[in-house]
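Here is the structure we will look at, set down as structure tokens.
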Amino acid sequence: MSNVEVKVVNRSPHELPATATPYSAGMDLRAWISEGTLTLQPLQRALIHTGLYIELPPGYECQVRPRSGLALKRGLTVLNTPGTIDADYRGEVGVILINLSSEPQTLTDGERIAQMVVTSHDTVTWQPVSTLDESTRGAGGFGHTGS
């Protein structure tokens, strides 16, 4: 396990994202709602501010993912999951939440709304070819393996 330094500007009054346990991968993101609350109607989506701006080192990305408890208990999830924040992005970290429940859901300022995972990634160099090597699966697609 390595430690990666990430520069962060926090314009919200809330604490920085942190892991809940020593082996957690995700760090909770908190809503920054200047009005204090925001209500999402069923099937309504909204961009939720966090007040965070980050500078990732080259070769890293940040993924914004749903919080399982929020999804299970209230039907709130991240719409474009996982949302990807690239190393050269300098804007505010925002979370697109959607209410998939049948009831209005009210978010409060400072509430934990998503989790972020910082991870390294490889750079791909495409190698154009005219054929691909054979595999056991071949071109079998959705449901091909019986699931």
Side-chain angles (χ1 to χ4, degrees), residues 1-126 132 135-147:
M1 195 164 32
S2 62
N3 188 30
V4 178
E5 257 188 42
V6 176
K7 294 179 182 177
V8 60
V9 172
N10 185 3
R11 295 193 177 142
S12 84
H14 308 300
E15 60 197 62
L16 291 175
T19 56
T21 67
Y23 298 117
S24 296
M27 298 172 278
D28 288 333
L29 286 170
R30 296 181 180 276
W32 184 28
I33 304 170
S34 58
E35 299 81 19
T37 63
L38 172 71
T39 300
L40 291 177
Q41 298 301 319
L43 299 180
Q44 183 182 5
R45 63 187 177 273
L47 177 62
I48 311 299
H49 295 281
T50 65
L52 298 175
Y53 299 75
I54 61 175
E55 182 180 331
L56 295 164
Y60 283 84
E61 67 160 326
C62 177
Q63 294 182 1
V64 177
R65 303 177 181 177
R67 292 190 69 241
S68 57
L70 204 60
L72 177 65
K73 295 173 186 170
R74 297 178 54 197
L76 295 170
T77 191
V78 177
L79 186 58
N80 63 323
T81 189
T84 300
I85 300 168
D86 296 309
D88 56 353
Y89 177 68
R90 295 296 182 269
E92 181 183 12
V93 174
V95 178
I96 304 170
L97 282 186
I98 186 167
N99 177 6
L100 295 177
S101 79
S102 57
E103 301 173 358
Q105 298 292 325
T106 299
L107 299 167
T108 58
D109 183 49
E111 182 175 350
R112 297 175 300 159
I113 56 168
Q115 55 182 330
M116 65 188 313
V117 175
V118 174
T119 186
S120 63
H121 66 84
D122 293 324
T123 300
V124 171
T125 302
W126 294 108
L132 300 176
S135 72
T136 305
R137 182 175 181 171
F142 299 98
H144 175 73
T145 59
S147 34

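- Taken to the nearest 0.5 Å, the CD1 atom of I98 stands 9.0 Å off from the CG atom of L40.
- Judged by distance alone, the side chain of D109 and the main-chain N or O of G36 form no donor-acceptor pair under 3.5 Å.
- In plain terms, the two heavy atoms of G26 and V117 that are nearest each other are CA-CG2, 3.7 Å.
- The structure places CG of L107 at 13.0 Å from CZ of R112, a figure rounded to the nearest 0.5 Å.
- The structure places OG of S102 at 11.5 Å from CD of Q41, a figure rounded to the nearest 0.5 Å.
- Q115 places a side-chain N or O within 3.5 Å of a backbone atom of P66 that can act as its donor or acceptor partner.
- Residues D86 and T84 approach most closely at OD1-CG2, 3.7 Å, considering heavy atoms.
- When every heavy atom of P104 is checked against every heavy atom of P42, the shortest pair comes out as N-CD, 4.0 Å.
- Side-chain contact between H121 and T119 is absent, with no heavy atoms from C-beta onward closer than 4.5 Å.
- Atoms CG and CG, on L29 and L16 in that order, are 10.5 Å from each other to the nearest 0.5 Å.
- Closest of all the heavy-atom pairs between P57 and A87 is O-CB, 3.6 Å.
- To the nearest 0.5 Å, atom CG of residue L70 and atom OG1 of residue T77 are 8.0 Å apart.
- Listed by chain and residue number, S24, M27 satisfy the side-chain contact (heavy atoms from CB on, under 4.5 Å) test with T19 (two or more places apart in sequence, or in another chain).
- Among all heavy-atom pairs drawn from P17 and L52, the shortest one is CG-CD1, 3.4 Å.
- Side-chain atoms of Q105 and L97, non-hydrogen and from C-beta on, never get closer than 4.5 Å to each other.
- R74 contributes a side-chain N or O that, together with a main-chain N or O of T106, makes up a donor-acceptor pair within less than 3.5 Å.
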Inset, instruction - Go through the steps for V93 and I54 under the test side chain to side chain contact (heavy atoms under 4.5 Å, CB included), then give the verdict. - result: CA-CA 8 Å; V93 174; I54 61 175; 4.2 Å; yes
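- In this structure, the side chains of L43 and L100 come closer than 4.5 Å at one or more pairs of heavy atoms.
- Here M116 contributes atom CE and E61 contributes atom CD; the two are 11.0 Å apart, rounded to the nearest 0.5 Å.
- Among residues two or more places apart in sequence or in another chain, the side-chain contact (heavy atoms from CB on, under 4.5 Å) test is passed with E92 by W32, H49, T50, Y53.
- In terms of heavy-atom proximity, A114 sits nearest to V64 at CB-CG1, 4.0 Å.
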